[in-house]
There are 2 protein chains.
Amino acid sequence: MRISARADYAVRAALQLAAARDAGPLKAEAIAEGQGISHKFLEGILGDMRKGGLVQSQRGGNGGYWLARPAEAISVAEVIRCVDGPLVSVRGERPPDLAYTGPAESLLPLWIALRASVRAVLGVSLAEVAAAELPAEITALTRDPEAWTNP
Amino acid sequence: MRISARADYAVRAALQLAAARDAGPLKAEAIAEGQGISHKFLEGILGDMRKGGLVQSQRGGNGGYWLARPAEAISVAEVIRCVDGPLVSVRGERPPDLAYTGPAESLLPLWIALRASVRAVLGVSLAEVAAAELPAEITALTRDPEAWTNP
DNA sequence: CCTTTTCCTACTTGTTCGGTGGGGTTGTGG
DNA sequence: CCACAACCCCACCGAACAAGTAGGAAAAGG
């Protein structure tokens, strides 16, 4: 259950774009520097986000990237899916495509529940994260000090 | 956010062992056949679980594997961690080791919340899954028909 | 025309994934 | 004590993926 560098970078870039909403297009170089990401690598990620319809771009002189929709209408989950495919997969397949037998039968509902819960958390909008105003259900999860410790 | 084949197989093997609790040791070959897993590959996984203290084994004539603890006292999360390392990692690092700046600052709490929610779901015991009696909070997540559909 | 910046394709290097094969070691039954 | 059944412990393998890198073509603006 790892979040890839692509996904992490994509979300951070999207947050940067959300924050610079009214400052016109943002250059890839500026985002890369602002977040400490390899510029060329980020360019590829932004390209995927453009193909996925999340951002738009303009070349030349004072070009750059901007969000295709308001930051309130883009979820973190969408960004991750855009650059990394399905949010949760088991052995490369989406949960509903799996079949289990015997005592493992109710493993499928468990994976489904897992996916639903991941979806719920990552359903937050870029605006909420950028403004540091996460929904109450999410902050509730971070309240427990044990959530911040490694097992 | 993918569950590897190792993790999936490990949990299924553990469930098989949980179900055969009172039938004495279970041979790797039997588990492999029962779950449609490559026998040699499974052997490696069971080896990891033994080193992790989750199962015990006996060689020779009618040897095999059995759970080291009652199935009520082993969580799915433990099994996955045993064979695959940390449950949730971002770019290979555990969330508390990350540092974000600027508009991405509250991305860290989001990853923490994500991990907490994953932990909550996978905290179920092998006994609960094997008996198909998931806790109410988990089944509640599977109630929504949308949880079963791909986006 | 010249600069800037995005866009595209290809390549690299290292690691992981899923799996296989062979041989050693320990236990049981005859 | 001997054969056999199982676990145990490597070593290896091909394919895929991850995280970048490099170089240039194409558009926009001055």
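Hydrogens, waters and symmetry mates are skipped; everything else that's a heavy atom, side chains included, is used. Chain naming here is simple, since letters A, B, ... match the order of the sequence lines and numbering starts at 1 in each. Quantities reported herein were computed from a predicted structural model and do not represent experimental measurements.
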Donor-acceptor side-chain pairing of B/E146 and B/T149 below 3.5 angstrom:
no
Checking contacts here: which listed nucleotide (C/dG27, C/dG18, D/dA28) is nearest the side-chain heavy atoms of A/Q58?
D/dA28
Interatomic distance where CG belongs to A/N62 and C1' belongs to C/dT3 [whole Å]:
12 Å
What is the separation between atom CD on A/Q56 and atom P on C/dC7, rounded to the nearest whole Å?
11 Å
Pairwise side-chain contact, B/T142 with B/W148, heavy-atom cut-off 4.5 Å (strictly under)
yes
Can you find a side chain N or O atom of B/R2 that sits less than 4.0 Å from OP1 or OP2 on C/dG18?
yes
Mapping A/K27 and A/R91 to their closest nucleotides on DNA chain C, which lands nearer the 5' end?
A/K27
Distance check: side-chain N/O of A/S38 vs OP1/OP2 of D/dT21, anything under 4.0 Å?
yes
Side-chain N or O of B/Y9 closer than 4.0 Å to phosphate OP1/OP2 of C/dG18:
no
Grab the CD1-C1' distance between B/I37 and C/dC17 for me, whole Å please.
15 Å
In the structure I gave you, are the side-chain heavy atoms of B/L17 and B/Y65 within less than 4.5 Å of one another anywhere?
yes
Nearest whole Å is fine: how far is C/dG19 C1' from B/D8 CG?
16 Å
Scan side-chain atoms only and decide if A/S117 and B/S117 contain a donor-acceptor pair under the 3.5 Å cut-off.
yes
Expressed in angstrom and rounded to an integer, what is the separation of A/M1 atom CE from C/dT16 atom C1'?
17 Å
Would you say C/dC7 has OP1 or OP2 under 4.0 Å from some side-chain N or O of A/S57?
yes
Rounding to an integer number of Å, can you tell me how far A/E29 CD sits from C/dT4 P?
13 Å
Send over the distance from A/L26 CG to C/dT6 C1', rounded to a whole Å.
14 Å
Is there a side-chain contact between A/I138 and A/P135, using heavy atoms and a 4.5 Å cut-off?
yes
Salt-bridge test for B/R81 and B/E78: reply yes if a basic N is under 4.0 Å from a carboxylate O, no otherwise.
no
Between A/L110 and B/L134, what is the shortest heavy-atom contact and its length?
N-CD1, 4.4 Å
N/O donor-acceptor pair, side chain A/R59 with base C/dT6, under 3.5 angstrom
yes
Could you tell me the separation between the CD atom of B/E93 and the P atom of D/dA18, rounded to a whole number of Å?
18 Å
At a heavy-atom distance below 4.0 Å, what parts of residues 39-54 of chain B sit against DNA chain C?
B/K40, B/F41
